[in-house]
Peer 1: 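Input: one structure, supplied below.
Predicted model, so just to flag it, every value in this text is computed and none were measured.
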Amino acid sequence: MDVKPRLPRGRQFFANPGPTNIPDSILKAVAHVSIDFNDPAFLKVYDAAVAGVKRVLKTQHEVFLYTGSGHAAWEAALVNLFSPGDVLLVPETGHFSDSWGKMAKDFGLEVRTLAADWRRGIDFAELRAVLAADSGHAIKAICAVHNETATGMVLPLADIRAALDATGHPALLLADTISSLGSMEFAMDAWGVDVAVGGSQKGLMLPTGMSFTGVSPKGMAAHASSTLPKSYLNWTNMLTRRHKSFIGTVPTSLFYGLEESIRLLEEEGLDEVFARHARLGEAVRRCVRHWSGNNGPTLFCLSPDRYSNSVTAVLMPEGHDAEAVRRIALQTFNVSLGGGLSRLGGKVFRIGHLGDLNEPMILGTLSTVEMALRLAGVPHTPGGVNAAIEYLAEAARDS
């Protein structure tokens with residue numbers, strides 16, 4: 001069915017899984033006049049913001065920050081820890097585990113992939129077997145994507161640490177928290193994560209452009225012997241700076257936003273933030289399960305214990321194009337959904353439910369998606385939004 005685009009009116013419902021909605025108070029905080037990044041007034045803001053990031057990471061360890069997206073933090077972790085020819089093990093989760101592995105190969109590192117069905121996730125028995133078989137400890141690190149945005153699936157990091165400990169394997173544990181931090185439970189120190197990679201534009205609700213790594217003492221020890229080339233991202237160089245980050249100009253405006261982001265997260269309480277994300281994620285999943293009747297769209301993730309609470313990937317019925325649904329949602333109703341990545345292009349659309357979101361915003365998005373499914377001629381069982389409403393109303397009564 002041809003659907004005529006409309007001129008957008010009203011505020012766009014932005015339901016991408018990143019970047020995310022930016023709260024008005026953060027937008028106002030970012031709109032700060034220029035200030036010398038060595039000014040004592042700014043250093044006070046800087047130190048408070050970094051301390052806040054450590055509280056969200058739940059770490060006492062060193063944190064380095066970069067002007068760049070999460071990919072910059074990926075690169076910083078690789079070049080600061082490893083030497084040419086080092087072996088990394090990458091548990092397959094989807095597009096982003098593949099991308100991190102490709103980056104490692106570009107630096108001359110050997111990448112071994114622990115293969116997995118993108119809809120179900122890795123088998124931890126296989127992980128333990130691989131680690132146990134590596135008696136010479138050739139594997140220097142495991143690079144794990146905590147929350148795979150492309151597939152809507154979580155990789156339990158504590159279970160990876162348990163596998164390392166059970167096999168007595170000394171490999172570093174690197175964790176990409178870009179689409180989980182500030183949205184789902186993450187505990188860097190308690191889970192034995194050696195390097196945590198994060199970014200500004202998702203659970204922290206900031207503009208894109210800043211990323212960071214938390215680094216354990218074990219990670220810093222590995223850094224001391226790393227020989228991959230590095231300069232701008234070199235942790236040793238950064239430690240000589242007052243800011244212990246940023247070779248060059250510090251993006252001061254983002255720190256005023258980060259200070260406000262931390263305030264908002266802690267005002268709500270991290271446990272409450274995680275509970276809100278779990279509640280909204282479950283509402284989306286209940287809606288999609290209802291749609292799945294009549295051979296309709298289904299949840300891409302088939303492992304209920306690994307559902308993501310920050311993004312849901314929705315698999316289209318055979319012969320139907322996810323991009324048609326996204327196009328109608330955006331051009332007709334001004335709702336922006338995430339698209340399928342790499343091999344999932346055209347096969348899934350993604351509903352982001354992380355950051356600055358509440359029940360009405362989620363219900364508005366789901367209502368629009370149901371309209372778009374109807375207009376695109378996609379088979380589904382109508383009334384999925386009602387399933388979400390019933391769940392959210394019950395959750396509100398019980399709270």
Peer 1: Fit a plane to each ring of H146 and F186, take the angle between them on a 0 to 90° scale, and name the class: parallel (under 30°), tilted (30 to 60°) or perpendicular (over 60°).
Peer 2: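 The arrangement is tilted - the two ring planes meet at 30° to 60°.
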Peer 1: Answer yes or no: is there a donor N or O on one side and an acceptor on the other, between the side chain of S303 and the main chain of R306, under 3.5 Å?
Peer 2: no
Peer 1: With salt bridge (Lys or Arg N to Asp or Glu O under 4.0 Å) as the test, would you mind laying out the steps for K105 and E110 before giving the verdict?
Peer 2: CA-CA 6 Å; K105 291 176 183 177; E110 180 184 335; over 6 Å; no
Peer 1: Pairing donors with acceptors under 3.5 angstrom, does anything connect the side chains of N294 and H380?
Peer 2: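 H380 and N294 do not have a side-chain donor-acceptor pair below 3.5 Å.
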Peer 1: Kindly say whether G248 contributes a backbone atom to a donor-acceptor pair with the side chain of R241 at under 3.5 angstrom?
Peer 2: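 Present.
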Peer 1: Quick check against the 3.5 Å criterion: does T59 have a side-chain atom that pairs as donor or acceptor with the backbone of D189?
Peer 2: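 Such a contact is absent between T59 side chain and D189 backbone.
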Peer 1: Decide yes or no on side chain to side chain contact (heavy atoms under 4.5 Å, CB included) for N147 and L155, but give the supporting numbers first.
Peer 2: CA-CA 6 Å; N147 184 74; L155 179 61; over 6 Å; no
Peer 1: Find the distance between OG1 (T298) and CG (L315) and round it off to the nearest 0.5 Å.
Peer 2: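 Nearest 0.5 Å value for the OG1-CG distance: 4.5 Å.
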Peer 1: For S253 and H32, work out which heavy atoms get closest and say how close.
Peer 2: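 Scanning both residues, the minimum pair turns out to be OG-O, 3.8 Å.
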Peer 1: D176 and W74: side-chain donor and acceptor closer than 3.5 Å?
Peer 2: yes
Peer 1: For the residue pair Y46 and H243, categorise the inter-ring angle as parallel (less than 30°), tilted (30 to 60°) or perpendicular (more than 60°).
Peer 2: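 Ring orientation, 0 to 90° scale: perpendicular.
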Peer 1: Return yes if some donor-acceptor pair links the side-chain N/O of S261 with the main-chain N/O of G257 below 3.5 Å, else return no.
Peer 2: no
Peer 1: Look at the side-chain heavy atoms of Ile, Leu, Val, Met, Phe, Trp and Tyr, link any pair under 4.5 Å apart, and say whether V335 and L357 land in one connected group.
Peer 2: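 Yes: a chain of side-chain contacts under 4.5 Å links V335 to L357.
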Peer 1: Can you confirm whether more than 12 heavy atoms, excluding those of E266, are under 6.0 Å from its CD atom?
Peer 2: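 It does: E266 CD has more than 12 such atoms within range.
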Peer 1: Do K218 side-chain atoms and P170 backbone N/O form a donor-acceptor pair below 3.5 Å?
Peer 2: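 Yes, K218 side chain to P170 backbone: donor-acceptor pair under 3.5 Å.
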Peer 1: When rounded to the nearest 0.5 angstrom, what is the spacing between CG in L88 and CG in L81?
Peer 2: 9.0 Å
Peer 1: Does one hydrophobic cluster hold both L206 and F64, with members joined at side-chain heavy-atom distances below 4.5 Å?
Peer 2: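 Looking at the clustering, F64 is in a separate group from L206.
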Peer 1: Would V284 and I362 count as a side chain to side chain contact (heavy atoms under 4.5 Å, CB included) if you check the C-alpha gap in whole Å, the side-chain angles of each, and the deciding distance to 0.1 Å?
Peer 2: CA-CA 8 Å; V284 172; I362 284 294; 4.0 Å; yes
Peer 1: Does atom NZ (K347) have a neighbourhood of more than 12 heavy atoms from anything else shown, all under 6.0 Å?
Peer 2: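 Not buried by this count: 12 neighbours or fewer within 6.0 Å.
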Peer 1: For residues T236 and H223, is any side-chain donor paired with an opposing acceptor at under 3.5 Å?
Peer 2: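 There is such a pair between these side chains.
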Peer 1: Measure across N309 and M184 and return the closest heavy-atom pair with its distance rounded to 0.1 Å.
Peer 2: N-SD, 3.5 Å
Peer 1: Give the intermediate values and the outcome of side-chain hydrogen bond (donor to acceptor under 3.5 Å, both in side chains) for residues S226 and N80.
Peer 2: CA-CA 6 Å; S226 165; N80 277 288; over 6 Å; no
Peer 1: Between K28 and E260, does any side-chain N to carboxylate O distance fall below 4.0 Å?
Peer 2: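 No, K28 and E260 are not salt-bridged.
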Peer 1: Report whether M361 and V311 are members of the same hydrophobic cluster (ILVMFWY, side-chain heavy atoms less than 4.5 Å apart, transitive linking).
Peer 2: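 Unlinked, M361 and V311 end up in two clusters.
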Peer 1: For E359 and R279: C-alpha separation, side-chain torsions, deciding distance, then whether salt bridge (Lys or Arg N to Asp or Glu O under 4.0 Å) applies.
Peer 2: CA-CA 9 Å; E359 286 82 353; R279 186 169 63 248; 2.9 Å; yes
Peer 1: Do N16 side-chain atoms and G18 backbone N/O form a donor-acceptor pair below 3.5 Å?
Peer 2: no
Peer 1: For N295, I'd like to know if atom CG has over 12 heavy atoms of other residues, nucleotides or ligands within 6.0 Å.
Peer 2: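 For N295, atom CG is not crowded (no more than 12 foreign heavy atoms under 6.0 Å).
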Peer 1: Under 3.5 Å, is there a donor-acceptor pair between the side chain of R276 and the main chain of G355?
Peer 2: yes
Peer 1: Is the ring pair F246/F255 parallel, tilted or perpendicular, if the boundaries are 30 and 60 degrees?
Peer 2: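 Because their plane-to-plane angle is over 60°, the rings of F246 and F255 count as perpendicular.
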Peer 1: Side chains of S97 and E92: is there a donor and an acceptor less than 3.5 Å apart?
Peer 2: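 Note: S97 and E92 side chains miss the donor-acceptor criterion.
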Peer 1: Over all heavy atoms of both residues, which pair between A388 and L366 is shortest? Give the atoms and the distance, please.
Peer 2: CB-CD1, 3.9 Å
Peer 1: Mark yes or no for whether T167, through its side chain, and A132, through its backbone, hold a donor-acceptor pair below 3.5 Å.
Peer 2: no
Peer 1: Centre of F300's six-membered ring, under 6.0 Å away, within 45 degrees of the axis: is that where NZ or CZ of R119 sits?
Peer 2: yes
Peer 1: Do E148 and T93 have side-chain N/O donor and acceptor atoms under 3.5 Å apart?
Peer 2: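 Their side chains do contain a donor-acceptor pair, which is all the 3.5 Å distance test asks for.
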Peer 1: Is there a path of hydrophobic side-chain contacts, each under 4.5 Å between heavy atoms, that joins L174 and V90?
Peer 2: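 Cluster IDs for L174 and V90 differ.
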Peer 1: Distance-only, no hydrogens or angles: does the R350 side chain make a donor-acceptor pair with backbone N or O of T149 under 3.5 Å?
Peer 2: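 Flag set: sc R350 to bb T149 pair under 3.5 Å.
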Peer 1: Kindly check if the number of other-residue, nucleotide or ligand heavy atoms within 6.0 Å of CD (Q12) is above 12?
Peer 2: yes
Peer 1: First locate atom SG of C143, then atom CG of L78, and finally report the distance between them rounded to the nearest 0.5 Å.
Peer 2: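 Nearest 0.5 Å value for the SG-CG distance: 6.0 Å.
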Peer 1: How far apart are the closest heavy atoms of A278 and R285, and which atoms are they?
Peer 2: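 Closest approach of A278 to R285: O-NH2, 4.2 Å.
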Peer 1: Distance from K58 atom NZ to L181 atom CG, nearest 0.5 Å?
Peer 2: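 Reported to 0.5 Å precision, the distance equals 10.0 Å.
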Peer 1: Calculate, to the nearest 0.5 Å, the distance between atoms OG1 and CG belonging to T113 and L89 respectively.
Peer 2: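 Rounded to the nearest 0.5 Å, the OG1-CG separation comes out at 8.0 Å.
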Peer 1: Please tell me whether Y66 and I178 are part of a single hydrophobic cluster in this structure, the criterion being side-chain heavy atoms less than 4.5 Å apart.
Peer 2: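 Yes.
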Peer 1: In terms of side-chain geometry, is the basic nitrogen of D106 or K102 positioned less than 4.0 Å from the acidic oxygen of its partner?
Peer 2: yes
Peer 1: What pair of heavy atoms forms the shortest contact from L302 to P304, and how long is it?
Peer 2: O-CD, 3.3 Å
Peer 1: Does the S211 side chain pair with the main chain of G68, one donor and one acceptor, at a distance under 3.5 Å?
Peer 2: yes
Peer 1: State whether R286 and E282 are salt-bridged, where the test is any N-O pair (Lys NZ or Arg NE/NH1/NH2 against Asp/Glu carboxylate O) under 4.0 Å.
Peer 2: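 Judged by the 4.0 Å cut-off on N to carboxylate O distance, R286 and E282 do form a salt bridge.
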Peer 1: Establish, from distance only, whether the side-chain atoms of T312 and H353 form a donor-acceptor pair under 3.5 Å.
Peer 2: yes
Peer 1: Under the side chain to side chain contact (heavy atoms under 4.5 Å, CB included) rule, what do V87 and V111 come out as? Steps first, then yes or no, please.
Peer 2: CA-CA 6 Å; V87 178; V111 175; over 6 Å; no
Peer 1: F42 versus V250: any side-chain heavy-atom pair under 4.5 Å?
Peer 2: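 Touching, per the 4.5 Å side-chain cut-off.
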Peer 1: Between S83 and T227, does any side-chain donor sit less than 3.5 Å from a side-chain acceptor?
Peer 2: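 Checked: S83/T227 side chains pair up, N/O donor to acceptor below 3.5 Å.
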Peer 1: If you round to the nearest 0.5 Å, how far is CG of L299 from SG of C287?
Peer 2: 10.0 Å
Peer 1: Which atom pair, heavy atoms only, marks the closest approach of G182 to V273?
Peer 2: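 Heavy atoms of G182 and V273 come nearest at O-CG1, 3.3 Å.
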Peer 1: Against V63, only a single residue in T213, L57, V215 fulfils side-chain contact (heavy atoms from CB on, under 4.5 Å); can you say which?
Peer 2: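 Option passing the side-chain contact (heavy atoms from CB on, under 4.5 Å) with V63: L57.
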Peer 1: How would you list all residue pairs meeting salt bridge (Lys or Arg N to Asp or Glu O under 4.0 Å) that involve residues 156-170, not counting sequence neighbours?
Peer 2: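 Of all non-adjacent pairs touching residues 156-170, those that pass salt bridge (Lys or Arg N to Asp or Glu O under 4.0 Å) are R161-D165, R161-D194.
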Peer 1: Step by step, work out the side chain to side chain contact (heavy atoms under 4.5 Å, CB included) result for F333 and T365.
Peer 2: CA-CA 10 Å; F333 301 116; T365 295; over 6 Å; no
Peer 1: Please step through salt bridge (Lys or Arg N to Asp or Glu O under 4.0 Å) for the pair D47 and R242, ending with a clear verdict.
Peer 2: CA-CA 10 Å; D47 289 341; R242 161 61 179 81; 2.8 Å; yes
